[in-house]
Chemist: 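Attaching a single structure in structure tokens format; questions to follow.
Protein chains get the first letters and strands the later ones, always in sequence-line order, with residue 1 at the start of each.
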2 protein chains.
Amino acid sequence: MQVKATNSGVTPQPFSDAGTERCSDCPIRTRAVCANCDADDFTVLEDVKYDRSYQAGQVIVWAGERMDFVASVIEGVASLTQTMEDGRTQMVGLLLPSDFLGRPGRDRASYTVTAVSDIRLCCFRRKPFQQMMTSNPRLPARLLEMTLDELDAAREWLLLLGRKSAREKIASFLTILARREASQHRTEPQGEIRLTLPLTRDAMADYLGLTLETVSRQMSALKRDGVIVLTGSREVLLPDYDLLLAESGDDADGGVIN
Amino acid sequence: MQVKATNSGVTPQPFSDAGTERCSDCPIRTRAVCANCDADDFTVLEDVKYDRSYQAGQVIVWAGERMDFVASVIEGVASLTQTMEDGRTQMVGLLLPSDFLGRPGRDRASYTVTAVSDIRLCCFRRKPFQQMMTSNPRLPARLLEMTLDELDAAREWLLLLGRKSAREKIASFLTILARREASQHRTEPQGEIRLTLPLTRDAMADYLGLTLETVSRQMSALKRDGVIVLTGSREVLLPDYDLLLAESGDDADGGVIN
DNA sequence: CGATGAGTTGAGAGCAATCAAGATGGGTGG
DNA sequence: CCACCCATCTTGATTGCTCTCAACTCATCG
């Protein structure tokens, strides 16, 4: 929060550097790649890390572009998208706070990364980070864990894109948000939940393999049926999580077994 | 090949054990999880490993079931599938020789794993394998690499399911097979290519988020248009790889940058 | 030679995409 | 403070692709 002031006001540049904080104060410390790191590791990391902020809508890297860093999302939301020559696009990743950006051992971006909201990244210079990856087993171990989780999420996403109806896709998306929201507070989603949608209708369509019109229509339908309450186009109230879950087509325990 | 005789004839049991080979003779040695292992590692591995064979159609593990091993596919093909309560299913993984099965640190299967063809696995008992994962950095490093590759493949798959037409899906599937085929011979796919489809029309539909009728229709359409030649329902000749690629909607370099 | 499983083809229905207007709401400048 | 603008979102009418239901072909196997 106090850091948002660091990225003071309007920044017309492609990005702006922001002050680097101490790792021990970091809000994502317990969930990011560096979750398993100890105090000694942090002194090393603090040398190779630097903050970067982007405004909503800015492209962080284009697919195919060189990327001289990897990063953790500190706050805000970013998307990974793939585009076909004729312009069709599909989101293939949604990065929330603590998620990791970039692939160690690959120096070009495979996907276009866009700041969906104002976002702050904790960047690590590629070379020294890669060195740490080989010398410190805590880093690759945590990254493996995170990558496996992402693969599970991607597989749930495959089911959504391949087999679910538009209505089920919207409901599923909302349950995913509710779950990720709840997991940050280390609880299970249930009962009445209030959400702020991090995505525009257009970005939701990109995520769900729909058009923005269909997203809008199905949101209206869920609202009409009392499954959701819209208190603003981006403010959603879920009166009954279990009801929403039933609409999503998923079974009660919400997918992956842990 | 010689091993197929080991799984002699009809096996009415859920699975049959087969003789365990030496790691040094293993056909997938250079590509599997154990690719970076040295002779010493192999002596340890040979202690915790055992072969298992399954016949085409057999379920290897059901989603949610306990799984006391992880494994590498030696030969044959297996699928990971997710099922909704009403019976809709979506394939979420296709395991070819050298691919890894199971998640270290998780003792229950998240997906139903099915032998698509007759298949032979190199299984490792979970506990000792996990121990090796923590003591030997070569194993987690390789597994991370493989998992990242799988994540890339899953993301290409997301684009396919979310945005491609039935015709493009079929064409894309064939290019994926051609590429995986070519990569085993360390070449690039080009010109005329002969393929044996590892999947039935039904399994292809599961992979592509289509119905089997649509798969069949689009195969016929591609055949009619000269993009493919069917020399049997499972035998396909691709007269011109670039032509097929153009039908797939992908750009010329076939996706992910390395 | 009938039975079975896999694949093909056809006719019709349904769902989401497309094309096209409006509505809403926040921000800017008069 | 209001009027206007622009981006975002909603809603309507129509089209078209894929699904569904159904019949049929083909090869394999007892």
Chemist: Does the side chain of E181(A) come within less than 4.5 Å of P189(A)'s, by heavy atoms?
Modeler: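 Side chain of P189(A) against side chain of E181(A), heavy atoms only: no contact under 4.5 Å found.
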
Chemist: Counting only heavy atoms not in E235(A) (residues, nucleotides, ligands), do more than 12 fall under 6.0 Å from its CD?
Modeler: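 More than 12 heavy atoms, drawn from other residues, nucleotides or ligands, come within 6.0 Å of this atom.
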
Chemist: Where do R163(B) and D86(A) land on the salt bridge (Lys or Arg N to Asp or Glu O under 4.0 Å) test, with the steps shown first?
Modeler: CA-CA 11 Å; R163(B) 296 302 185 191; D86(A) 62 3; over 6 Å; no

Chemist: Under the side chain to side chain donor-acceptor pair (under 3.5 Å) rule, collect the residues that match up with R31(B), sequence neighbours excluded.
Modeler: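 Partners of R31(B) under the side chain to side chain donor-acceptor pair (under 3.5 Å) test: none.
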
Chemist: Give the rounded distance in Å between these two atoms: CD of E235(A) and P of dC9(D).
Modeler: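 Rounded to the whole Å, the gap is 12 Å.
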
Chemist: Under a 4.0 Å N-O cut-off, is there an ion pair linking D206(B) with R88(B)?
Modeler: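 No, this pair does not count.
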
Chemist: Would you say that more than 12 heavy atoms from the other residues, nucleotides or ligands in this model lie under 6.0 Å from the CZ of R234(B), or not?
Modeler: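 Yes, enclosed.
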
Chemist: To the nearest angstrom, how far is L230(B) atom CG from dT8(C) atom P?
Modeler: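 So the two atoms are 7 Å apart, to the nearest Å.
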
Chemist: Looking at residues 160-171 of chain B, who's got a heavy atom less than 4.0 Å off DNA chain D?
Modeler: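 Under 4.0 Å from DNA chain D: S165(B), A166(B).
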
Chemist: Expected output is a numbered-order residue list: members of residues 212-224 of chain B with a heavy atom under 4.0 Å from any atom of DNA chain C. What is it?
Modeler: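 Heavy-atom contacts with DNA chain C come from L212(B), E213(B), S216(B), R217(B), S220(B).
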
Chemist: Return the residues of residues 200-209 of chain B meeting this criterion: a heavy atom under 4.0 Å from some atom of DNA chain D. Order them by number, or give none.
Modeler: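 Of all residues in residues 200-209 of chain B, the ones placing a heavy atom under 4.0 Å from DNA chain D are G209(B).
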
Chemist: Just jot down the side chain to side chain donor-acceptor pair (under 3.5 Å) partners of R224(B), sequence neighbours excluded, or say none.
Modeler: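 With sequence neighbours excluded, R224(B) shows a side chain to side chain donor-acceptor pair (under 3.5 Å) to no residue whatsoever.
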
Chemist: Rounded to whole Å, please give me the gap between CZ in R234(A) and C1' in dA7(D).
Modeler: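 My rounded result for the distance is 12 Å.
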
Chemist: Any side-chain donor paired with an acceptor under 3.5 Å for S172(A) and T175(A)?
Modeler: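 Not at all, the side chains of S172(A) and T175(A) share no donor-acceptor pair under 3.5 Å.
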
Chemist: Which residues pass the side chain to side chain donor-acceptor pair (under 3.5 Å) test with S165(A), sequence neighbours left out?
Modeler: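 In terms of side chain to side chain donor-acceptor pair (under 3.5 Å), with neighbours along the sequence ignored, S165(A) is linked to E168(A).
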
Chemist: Looking only at side chains, do D202(A) and Y207(A) share a donor and an acceptor under 3.5 Å apart?
Modeler: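 D202(A) vs Y207(A): no donor-acceptor pair found between side chains.
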
